[in-house]
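Labels below follow one simple rule: chain letters A, B, ... track the order of the sequence lines, proteins then strands, and each chain is numbered from 1.
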4 protein chains.
Amino acid sequence: MAVAEPHTPTRRRALRADAIRNREAIVEAAAEVMAEQGAAVDVREIARRSGVGMGTLYRHFPKKEDLVRTVLDQDFSRWAEAARQAAIEAEDPWAALTDFYRQALSGCARHRAIMESFALTWTDPDPTGIPQLRAVLEELRARAAELLRPGVTTDDLVLLLISLGYAAQFTDECRPHMWNRLLLISLDGLRAEHREPLPES
Amino acid sequence: MAVAEPHTPTRRRALRADAIRNREAIVEAAAEVMAEQGAAVDVREIARRSGVGMGTLYRHFPKKEDLVRTVLDQDFSRWAEAARQAAIEAEDPWAALTDFYRQALSGCARHRAIMESFALTWTDPDPTGIPQLRAVLEELRARAAELLRPGVTTDDLVLLLISLGYAAQFTDECRPHMWNRLLLISLDGLRAEHREPLPES
Amino acid sequence: MAVAEPHTPTRRRALRADAIRNREAIVEAAAEVMAEQGAAVDVREIARRSGVGMGTLYRHFPKKEDLVRTVLDQDFSRWAEAARQAAIEAEDPWAALTDFYRQALSGCARHRAIMESFALTWTDPDPTGIPQLRAVLEELRARAAELLRPGVTTDDLVLLLISLGYAAQFTDECRPHMWNRLLLISLDGLRAEHREPLPES
Amino acid sequence: MAVAEPHTPTRRRALRADAIRNREAIVEAAAEVMAEQGAAVDVREIARRSGVGMGTLYRHFPKKEDLVRTVLDQDFSRWAEAARQAAIEAEDPWAALTDFYRQALSGCARHRAIMESFALTWTDPDPTGIPQLRAVLEELRARAAELLRPGVTTDDLVLLLISLGYAAQFTDECRPHMWNRLLLISLDGLRAEHREPLPES
DNA sequence: GATGAATGAGTGTTCATTCAT
DNA sequence: AATGAATGAACACTCATTCAT
């Protein structure tokens with residue numbers, strides 16, 4: 001009697017749906033707290049905010065590190081993708097660069113943990129994280145090559161992002177968008193009209 | 001004025017000398033370890049390195065925060081002063097600006113806690129800390145006014161310092177002085193030839 | 001007796017067959033893992049190995065203790081029965097005793113939980129467990145009475161078994177069958193030629 | 001003024017005396033609980049019984065394992081030494097063996113953790129623990145060589161001790177000293193009059 | 001005044017047991 | 001009935017701060 005089968009996919013699905021909802025609640029809560037306070041959060045706080053017990057949290061993420069990584073991977077990717085989209089929608093190569101930074105920095109300003117993660121992933125060969133970002137910047141640099149001063153590397157652009165990201169972050173509360181000025185200044189410094197060679201790193 | 005001192009002044013003096021020596025040892029040790037690891041250090045480590053007991057440390061600094069502040073005030077001042085000196089010794093206003101940043105960033109790269117402290121003192125009205133820095137940059141800006149693009153504020157210069165300081169710090173281990181390139185770029189962006197107005201913050 | 005069953009017997013039967021299969025799978029898996037690791041196992045591990053969910057496991061055994069007891073009862077009985085068989089197949093009373101111990105100890109060496117259980121069931125009036133064992137040893141003792149030193153009680157034989165069982169267990173990995181020597185020694189100590197009276201317990 | 005010196009040994013001593021008292025209280029409490037319940041104790045229970053806070057416990061023993069080891073080393077040594085003394089005071093080689101076992105087993109009966117430790121130290125080359133014990137038994141065996149059946153090894157004697165120790169332990173509550181009977185039996189099995197060769201281990 | 005031992009709330013993590021689906 | 005996700009009380013361990021000597 002197939003009807004009585006307890007292993008029907010439908011039933012399974014039902015359970016999973018609930019679990020997935022919980023998992024998402026956990027990730028969402030974690031993302032929220034981590035954006036506010038960085039990665040050094042009490043797991044209990046995450047559990048509380050997501051409305052689940054400790055066990056549930058640990059069922060989905062056996063180590064705190066796993067959750068942190070998951071949130072970081074997700075938020076970092078979304079953030080990088082949003083910035084990439086902003087670049088794509090721009091009209092010209094320079095606007096692409098500008099819009100990319102503007103979008104990215106706006107994200108940095110709101111997410112402490114993303115900024116913290118740079119320190120961890122800077123030397124990390126993991127294809128997500130910095131490398132993902134570098135790839136986008138590499139392309140933007142290629143497209144804007146003629147507008148950029150000679151010798152500017154992709155690493156320069158990455159470091160500039162991180163650097164301004166930090167500024168964006170901690171001015172965000174008291175002086176939101178003050179970083180926009182710094183961005184404009186720095187980008188102007190990247191223009192081709194500046195011929196002075198950059199020092200070896 | 002000895003009149004205000006109760007009991008035998010001599011004894012007091014002797015003890016005070018000792019106490020001051022201890023206090024200095026504590027601050028020195030704290031500065032050392034905070035430069036390496038930032039402000040989130042185990043107080044025990046500081047006591048150990050300074051060769052005093054926990055009680056002595058807490059007699060001088062009732063809260064960890066007190067010690068951290070003291071160290072920060074001191075190191076921040078020294079750091080700012082060193083940068084100011086570099087500026088003073090420069091030949092022209094632009095070199096003064098450049099040398100100031102170079103010296104300051106070199107300091108940031110080696111002192112984790114100073115970087116961390118920006119976040120704390122950014123909004124702090126305390127005359128030491130950021131305001132002290134701002135005063136110097138204000139002067140440098142005034143001297144270089146004609147070379148700077150219109151609309152550049154002292155706050156821009158302060159934020160640029162903090163921003164590059166962060167870059168300096170975390171590239172210092174793997175790519176020392178990579179921040180020099182970023183510095184050159186940003187400063188070029190500050191030159192008077194750029195006429196595009198900066199946005200309101 | 002179908003008369004006592006409420007509702008539709010057919011359905012019930014079907015379900016029960018399934019339930020029984022599950023129950024057996026649980027017990028089997030539990031037995032396996034308890035032999036390896038003792039009774040202090042994660043219940044999840046048992047559920048995993050038996051291929052059932054936690055709910056099913058707890059439906060059959062509301063407390064972990066219930067499952068442990070069930071497994072112990074079963075494995076203990078089988079183990080005792082195997083030893084009894086070895087005794088039955090022996091040629092003479094002394095060989096019966098020897099073979100019983102050899103078989104039993106060989107079982108102890110391979111089943112951690114059985115050894116652990118002695119501590120629990122030693123004082124347990126439950127007819128399975130120790131009493132079951134005692135009954136067999138009582139019979140073996142009776143048959144070998146003339147070969148045994150005066151005053152040897154069944155309890156002595158039971159305790160000897162447990163004692164050697166422990167030795168068997170923890171030498172099994174590094175020095176398998178080293179316990180055989182101890183068994184021979186102890187049994188020789190039980191021979192009738194030793195007339196020295198045993199102390200009151 | 002040397003009188004004021006805060007680093008005088010006397011002061012140091014004073015503090016240490018207190019600390020040592022605490023340390024001893026911790027070890028004592030731990031030994032007590034571990035004798036009752038084995039090594040798997042809640043550290044909080046130890047802290048509670050010794051009347052100190054968690055921090056104090058962890059100051060003296062940075063890891064639970066450290067405390068467990070300390071207690072085990074101490075109690076094992078005392079226990080082994082007590083047994084050795086009993087052997088020394090005996091009148092003849094056989095009595096030495098008997099008294100050694102009696103004393104040792106009496107200790108086993110009262111100390112769960114010592115019994116547990118056998119499993120850990122059985123293969124441990126550490127000079128404390130089993131090897132210490134083996135050395136004593138080696139000597140007792142040598143002295144009683146002529147009275148022992150041929151082929152008895154020191155390892156046999158060690159394993160016999162552990163084996164009977166287990167029996168002693170779990171009969172101690174309900175049937176104290178029942179193990180005395182088993183000891184007599186086993187030792188009789190070791191006597192020279194038994195010529196049957198022991199199997200290879 | 002100096003010392004460093006003592007304190008205990010808080011942190012990451014596990015696991016027997018319950019419950020919604 | 002079966003599933004496995006959810007629960008939360010423990011547990012080992014850390015560290016800013018206090019206190020007896």
Side-chain angles (χ1 to χ4, degrees), chain A residues 4-8 10-23 40-45 47 51-65, chain B residues 11-12 14-16 18-19 22 40-45 47-48 52-60 62-65, chain C residues 11 14-16 18-19 22 40-45 47-48 52-65, chain D residues 4-8 10-23 40-45 47 51-65:
Chain A
E5 258 184 21
H7 295 274
T8 57
T10 6
R11 286 213 161 180
R12 282 221 151 183
R13 284 274 156 76
L15 280 172
R16 285 245 167 102
D18 218 50
I20 286 171
R21 201 155 31 245
N22 259 327
R23 190 193 152 96
V41 207
D42 189 336
V43 267
R44 279 167 175 79
E45 173 65 13
V52 305
M54 290 294 299
T56 305
L57 197 156
Y58 272 86
R59 155 177 281 273
H60 289 289
F61 305 95
K63 300 276 168 193
K64 183 192 183 184
E65 176 67 15
Chain B
R11 273 215 162 177
R12 272 232 150 185
L15 289 168
R16 276 210 177 144
D18 219 55
N22 268 333
V41 207
D42 192 331
V43 192
R44 275 163 237 283
E45 176 65 15
R48 211 173 298 127
V52 307
M54 292 292 293
T56 306
L57 196 157
Y58 270 86
R59 165 173 295 275
H60 289 289
K63 298 276 167 192
K64 185 190 183 182
E65 177 65 16
Chain C
R11 274 217 163 178
L15 290 169
R16 275 210 177 146
D18 218 54
N22 267 333
V41 205
D42 192 330
V43 192
R44 275 163 236 283
E45 175 65 15
R48 210 173 299 127
V52 306
M54 292 292 292
T56 308
L57 196 157
Y58 270 84
R59 166 173 294 276
H60 289 289
F61 305 96
K63 299 275 168 192
K64 185 189 183 184
E65 177 65 16
Chain D
E5 257 183 26
H7 294 273
T8 57
T10 5
R11 283 212 160 178
R12 283 220 149 182
R13 283 275 157 75
L15 281 169
R16 284 243 167 103
D18 218 52
I20 287 171
R21 202 158 27 249
N22 259 327
R23 189 192 154 95
V41 207
D42 189 337
V43 267
R44 279 168 173 76
E45 174 64 15
V52 305
M54 291 292 299
T56 304
L57 197 156
Y58 274 87
R59 155 177 281 273
H60 289 289
F61 305 95
K63 300 276 167 195
K64 184 189 183 184
E65 176 67 15

Start at the 5' end of DNA chain F and walk down; is the nucleotide closest to B:Asp42 or to B:Gly55 reached first?
B:Asp42

Which residue lies toward the 5' end of DNA chain F, D:Arg44 or B:Met54, if each is placed at its nearest nucleotide?
D:Arg44

Just call it for D:Val52: base, sugar-phosphate, or nothing, with non-hydrogen atoms closer than 4.0 Å on any strand.
sugar-phosphate

Find which nucleotide of DNA chain E each of A:Thr56 and D:Thr56 is nearest to by heavy atoms, and output the residue with the more 5' nucleotide.
D:Thr56

5' precedence on DNA chain E between C:Glu65 and B:His60 (nearest-nucleotide basis)
B:His60

Does B:Asn22 put a side-chain nitrogen or oxygen below 4.0 Å from OP1 or OP2 of E:dG1?
no

What nucleotide among [options] has an atom nearest to a side-chain atom of [X]?
X	options	result
B:Lys64	E:dT7, F:dC13, F:dT17	F:dT17
A:Val43	F:dT17, E:dG12, F:dA2	E:dG12
B:Tyr58	E:dT17, F:dC11, F:dT18	F:dT18
C:Arg59	F:dT14, F:dA2, E:dA16	F:dA2
A:Lys63	E:dC15, F:dT14, E:dT13	E:dT13

Would you mind reading off the distance between [X] atom [atom1] and [N] atom [atom2], rounded to a whole angstrom?
X	N	atom1	atom2	result
D:Arg21	E:dG4	CZ	C1'	16 Å
A:Leu57	E:dT14	CG	P	12 Å
C:Glu45	E:dT17	CD	P	17 Å
C:Phe61	E:dC15	CZ	C1'	19 Å
A:Asp18	E:dT18	CG	P	20 Å

Would you give the length of the straight line joining atom CG of A:Asp18 to atom CZ of A:Arg21, rounded to the nearest 0.5 angstrom?
5.0 Å

Counting N and O atoms only, with roles assigned by atom type, does the side chain of C:Lys64 sit under 3.5 Å from a partner on the main chain of C:Ala40, one being a donor and the other an acceptor?
no

Could you report the tightest heavy-atom contact between [X] and [Y], atom names first, then the distance?
X	Y	answer
B:Val52	B:Asn22	CG1-OD1, 3.2 Å
A:Lys63	A:Tyr58	CA-CE2, 4.3 Å
A:Ala47	A:Met54	CB-SD, 4.2 Å

Does F:dA10 pair with anything, Watson-Crick or G-U wobble, both distances under 3.5 Å, and if so, with which nucleotide?
E:dT13

Only pairs with both distances under 3.5 Å count, Watson-Crick or wobble alike; so what is the partner of E:dG4 in this structure?
F:dC19

